[in-house]
Amino acid sequence: MFAINLQKLFRTKNSFGPILIFISLIYLFLFPLKVAAETAVDIAVFYTSEVLKQMNLEQLHQLVSKRTQVANQALIQAKVPLTRALVAFEPSPIAQRAMFNTREFLANRQRHRKITELMDSFGADYATIVTTLSDNFGCGWAQVGGRVSLVIVSPKCNAGQKDYLLAHEWGHLDGAAHSEKDSARAKLKYGVGYVCDGLSTIMNMQTLSSKKQLIYSQADSCGKQGVADVARLIKERMQLPGAVQNTAIRPEPLAQVSISTDYQFYSERTKVITGWLSLSQPLAITSSVQLYTFDIDTRQDFKPVQKRIEFKPGCQRVRFEVELVDDLAYEANEKMGIGLRYPKYLNIARDKTIVTIVSDDGP
């Protein structure tokens, strides 16, 4: 009796409609997730020790983050359904001296092996090495259609107009070259950037125009014929089965990680802030997350930390410490933060905690 009634129920127009709507809603919910996963290029940034002689780690991180935002804004303006996502910010796996001949470095597969192994461990599609070089005239290098780029940090290369530098180098990795002339000489398969009406595209930084725009070239720009459309070439590459933009695989999160400190208030005389990183469950593989400190209003009354914390198989809690600086100056209570970013096989449940440092020096 129940089976007969159920069949009648599904044959009726009024009851089948809601089922179709329900299925459609599920499809609409899942489809954007699939698109997002296929149109994200994950990038690992590795910095050399030489960089830290010019700026501290957090300054460098802020510079890289800002330029990544500029690169994404360029894609948005060009209506390219692609985003750049940083999945790692770590020390470089190769020495500074290995990069003095940049052309040789970029062409040397043996040197790439260490970088490739590390970037693959983070599920990264591209790797960018941030370094300093005094014997080169450029600020960045990349092979067209490659996976690794070099970016230089120096006063010349940190000027405001260089904020589009990462967008430019990653454009090379996407398959774009500088100009039609360069493309013809190199017989490149993919497109190029160009300049028209005094506006320079991301992929042509050779112009002296003061009207540089953070855009990729588009088909209707200036009505030019036979000029490559960088936005179109990226969209086309995203459809190719073997393209990086269509094969991004980020390590699957297996547990949640959170941060906590033993106390909310610490006296300078305690010398150290202590706390724990905790997983929602122990894992059978090694997972990790980057722990870093950031200043709020302390005048740096702590020693900055940036390090990757690993959870070995079966481990669910890891202890961490941040060293305090006990000075003789009288100060009001001050705040600093400890945060988590760039997880591997983890989701971040609580990404930061704020600590108050109490001065123990009298007025």
Side-chain angles (χ1 to χ4, degrees), residues 45 47 49 51-66 68-69 85-91 122 130 251 253-283 286-363:
V45 172
Y47 53 87
S49 58
V51 173
L52 304 185
K53 297 178 182 179
Q54 298 198 23
M55 61 177 61
N56 63 46
L57 275 178
E58 196 54 33
Q59 289 173 327
L60 178 61
H61 185 270
Q62 290 173 5
L63 178 67
V64 170
S65 297
K66 178 182 179 182
T68 302
Q69 292 173 4
L86 296 181
V87 295
F89 180 68
E90 307 289 336
F122 288 104
V130 183
L254 301 175
Q256 290 189 323
V257 59
S258 59
I259 183 173
S260 62
T261 53
D262 292 333
Y263 306 99
Q264 289 184 306
F265 294 84
Y266 285 85
S267 167
E268 288 181 357
R269 291 182 182 176
T270 61
K271 303 295 185 182
V272 66
I273 295 171
T274 55
W276 295 90
L277 300 188
S278 304
L279 298 186
S280 57
Q281 62 185 30
L283 301 178
T286 298
S287 58
S288 64
V289 68
Q290 188 182 92
L291 181 142
Y292 70 102
T293 55
F294 57 95
D295 192 21
I296 298 178
D297 60 7
T298 70
R299 300 181 186 177
Q300 288 293 331
D301 283 348
F302 62 93
K303 292 188 177 181
V305 172
Q306 178 186 286
K307 61 181 179 180
R308 183 154 286 274
I309 304 293
E310 285 192 344
F311 293 86
K312 298 297 183 183
C315 175
Q316 197 167 357
R317 298 183 79 198
V318 174
R319 189 76 162 166
F320 72 84
E321 294 184 350
V322 176
E323 189 174 345
L324 294 175
V325 177
D326 187 8
D327 57 33
L328 298 178
Y330 173 72
E331 302 159 325
N333 291 352
E334 300 168 324
K335 296 183 183 296
M336 58 86 65
I338 308 172
L340 303 179
R341 60 192 178 198
Y342 306 130
K344 181 178 175 182
Y345 297 117
L346 302 172
N347 269 330
I348 299 177
R350 184 184 181 190
D351 64 347
K352 62 185 175 183
T353 185
I354 306 300
V355 170
T356 300
I357 301 175
V358 180
S359 177
D360 49 23
D361 300 298

**Study point:** Considering all heavy atoms, the nearest Glu268-Asp301 contact
**Key:** OE2-OD2, 3.5 Å
Exercise for review: Output the distance between atom CG (Leu324) and atom CE (Met336), rounded to the nearest 0.5 Å.
Suggested key: 7.5 Å
Practice item. Can you measure from OG (Ser258) to NZ (Lys352) and round to the nearest 0.5 angstrom? Key: 15.5 Å
**Study point:** CD1-NZ distance between Ile309 and Lys344, expressed to the nearest 0.5 angstrom
**Key:** 14.5 Å
**Study point:** Approximate separation, where rounding is to 0.5 Å, of Leu60 CG and Leu52 CG
**Key:** 7.0 Å
Review point. Glu310 and Arg308: salt bridge (Lys or Arg N to Asp or Glu O under 4.0 Å), yes or no, with the steps?
Key: CA-CA 6 Å; Glu310 285 192 344; Arg308 183 154 286 274; over 6 Å; no
Practice item. Check step by step if side-chain contact (heavy atoms from CB on, under 4.5 Å) holds for Thr270 and Tyr263. Key: CA-CA 11 Å; Thr270 61; Tyr263 306 99; over 6 Å; no
Check your understanding: Does the side-chain contact (heavy atoms from CB on, under 4.5 Å) test come out yes or no for Val325 and Lys303, once each step is laid out?
Key -> CA-CA 7 Å; Val325 177; Lys303 292 188 177 181; 4.1 Å; yes
**Study point:** Test log, rule side-chain hydrogen bond (donor to acceptor under 3.5 Å, both in side chains), inputs Lys335 and Thr356
**Key:** CA-CA 4 Å; Lys335 296 183 183 296; Thr356 300; 3.1 Å; yes
Practice item. Flag the pair Val272 / Val322 as yes when at least one side-chain heavy-atom distance between them is below 4.5 Å, and no otherwise. Key: no
**Study point:** Parallel, tilted or perpendicular, as decided by the 30° and 60° cut-offs, for the rings of His61 and Tyr292
**Key:** parallel
Study note, to complete from the structure: Looking only at heavy atoms, the pair that brings Tyr342 and Leu86 closest together is CE2-O, 3.4 Å
Review point. Would a distance-only check, ignoring hydrogens and angles, find a side-chain to backbone donor-acceptor pair under 3.5 Å from Gln316 to Leu279?
Key: yes
Point to revise | Within-4.5 Å side-chain heavy-atom neighbours: Val355 and Tyr266 | key: yes
Review point. Charged N to carboxylate O under 4.0 angstrom, Arg319 versus Glu321?
Key: no
Practice item. Could you give me the CA-CA distance, side-chain angles and deciding distance for Met55 and Gln62, then say whether side-chain contact (heavy atoms from CB on, under 4.5 Å) is met? Key: CA-CA 11 Å; Met55 61 177 61; Gln62 290 173 5; over 6 Å; no
Review point. Is it true that a side-chain atom of Gln290 and a backbone atom of Phe89 form a donor plus acceptor pair closer than 3.5 Å?
Key: yes
Check your understanding: Of all heavy-atom pairs between Ser288 and Leu346, which one has the smallest distance, and what is that distance?
Key -> O-CD1, 3.6 Å
Check your understanding: Roughly how far, to the nearest 0.5 Å, is the OG atom of Ser267 from the CG atom of Asn333?
Key -> 10.0 Å
Exercise for review: Could you tell me which non-hydrogen atom of Val305 sits nearest to which non-hydrogen atom of Lys307, and how far apart they are?
Suggested key: CG1-CG, 3.9 Å
Exercise for review: Decide yes or no for Pro313 and Thr286: does some side-chain heavy atom of the first lie under 4.5 Å from some side-chain heavy atom of the second?
Suggested key: yes
Check your understanding: Within a reach of under 6.0 Å around CD of Gln264, are more than 12 heavy atoms found that belong to other residues, nucleotides or ligands?
Key -> no
Study note, to complete from the structure: Nearest heavy-atom contact between Ser287 and Tyr345 is CB-CB, 4.1 Å
Practice item. Check Val87 against Phe122 and note the closest heavy-atom contact, atom names and distance. Key: CG2-O, 3.9 Å
Review point. What distance separates Phe320 CZ from Ile273 CD1, expressed to the nearest 0.5 Å?
Key: 8.0 Å
